[in-house]
Amino acid sequence: QVQLVESGGGLVQPGGSLRLSCAASGSGFSVIVMDWYRQAPGKQRELVAVISNSGHTNYADSVKGRFTISRDNAKSRVYLQMNSLIPEDTGVYYCHCNYRAAFSAQLHESWGQGTQVTVSS
């Protein structure tokens with residue numbers, strides 16, 4: 001089983017930047033896709049950014065040009081660089097992974113516990 005742990009959240013003023021990190025731990029797995037979701041208070045969770053195993057990325061329209069998703073060379077960490085933050089970006093950000101376990105054709109998914117991002121002056 002893959003475990004995901006997010007970090008890097010915090011309080012930032014509008015126009016500021018934050019970089020979120022998601023560490024994947026476990027053994028014998030191969031990542032299909034990793035992505036970031038967020039959930040604002042009182043609202044449903046939404047997809048923010050996606051990165052495939054090949055490095056292809058996609059973003060929600062609301063964050064295009066401001067957010068960048070990336071991963072390290074070992075593909076054990078995924079990042080979300082958030083620039084030009086606005087109050088609407090406030091919420092709990094979750095790392096999510098779709099992966100295949102070793103010696104198995106089954107597809108699995110894993111969720112991190114979330115990290116709080118607050119954009120406020």
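Computed from heavy atoms alone, side chains included, the values below leave out hydrogens, waters and symmetry copies. Positions are given from 1 along the sequence. Quantities reported herein were computed from a predicted structural model and do not represent experimental measurements.
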When rounded to the nearest 0.5 Å, the distance separating CE of Met34 from OH of Tyr79 is 10.5 Å

With sequence neighbours excluded, what pairs up with Lys64 under the salt bridge (Lys or Arg N to Asp or Glu O under 4.0 Å) test?
Asp61

Show me the donor-acceptor pairs within less than 3.5 Å that the side chains of residues 21-28 make with the rest of the protein, sequence neighbours left out.
from	atom 1	to	atom 2	distance (Å)
Ser21	OG	Arg77	NH1	2.8

Checking the side chain of Ser104 only, and the main-chain atoms of Ala101 only, is there a donor and an acceptor separated by less than 3.5 Å?
no

Atom CG in Asn98, atom CZ in Phe29: separation rounded to 0.5 Å?
12.5 Å

For the atom pair NE2 (His108) and CD (Gln106), what is the distance rounded to the nearest 0.5 Å?
4.5 Å

Not counting sequence neighbours, list each pair that qualifies as a salt bridge (Lys or Arg N to Asp or Glu O under 4.0 Å) and has a residue in residues 83-98.
Arg38-Asp89, Arg66-Asp89

When you look at Cys97 and Val31, which way does the side chain to side chain contact (heavy atoms under 4.5 Å, CB included) test go after all the steps?
CA-CA 7 Å; Cys97 176; Val31 172; 4.0 Å; yes

Compare every heavy atom of Ile69 with every heavy atom of Trp36, then report the nearest pair and how far apart it is.
CD1-CD1, 3.6 Å

Could you check whether any side-chain N or O of Gln81 sits under 3.5 Å from a backbone N or O of Phe67, counting only pairs where one atom can act as donor and the other as acceptor?
no

Note, Ser110 side chain near Tyr99 side chain (heavy atom, < 4.5 Å)
yes

More than 12 heavy atoms of other residues, nucleotides or ligands under 6.0 Å from CD of Glu46: yes or no?
yes

Name all residues meeting the side chain to side chain donor-acceptor pair (under 3.5 Å) criterion together with Ser52; count only those two or more places apart in sequence or in a different chain, and write none if there are none.
Ser54

Considering only Ile, Leu, Val, Met, Phe, Trp and Tyr, and joining two whenever side-chain heavy atoms are under 4.5 Å apart, list the other residues clustered with Leu107.
Ile32

What distance separates Leu4 CG from Cys95 SG, expressed to the nearest 0.5 Å?
4.5 Å

Tell me the salt bridge (Lys or Arg N to Asp or Glu O under 4.0 Å) pairs involving residues 90-117, sequence neighbours left out?
none

For Ala60, give me all partners under side-chain contact (heavy atoms from CB on, under 4.5 Å), at least two apart in sequence or on another chain.
Ser62, Val63

Would you call Leu80 and Met82 a side-chain contact if the rule is heavy atoms closer than 4.5 Å?
yes

Do any pairs count as a disulfide (SG to SG under 2.5 Å) and have a residue in residues 28-64, sequence neighbours left out, and if so which ones?
none

Heavy atoms of Asp35 and Ala49 approach each other most closely as CB-O, 2.9 Å

Could you pull out all donor-acceptor pairs under 3.5 Å where a side-chain atom in residues 113-121 meets a protein atom, sequence neighbours excluded?
from	atom 1	to	atom 2	distance (Å)
Thr115	OG1	Gly9	N	3.2
Gln116	NE2	Thr118	OG1	3.2

Applied to residues 7-17, the side chain to side chain donor-acceptor pair (under 3.5 Å) test, sequence neighbours excluded, yields Ser17-Asn83

Hydrophobic cluster (4.5 angstrom, side-chain heavy atoms) - remaining members for Val92
Val33, Tyr37, Leu47, Val50, Tyr94, Trp111

Tell me, please, which residues at least two apart from Tyr59 pass ring pair (Phe, Tyr, Trp, His ring centres under 6.0 Å).
none

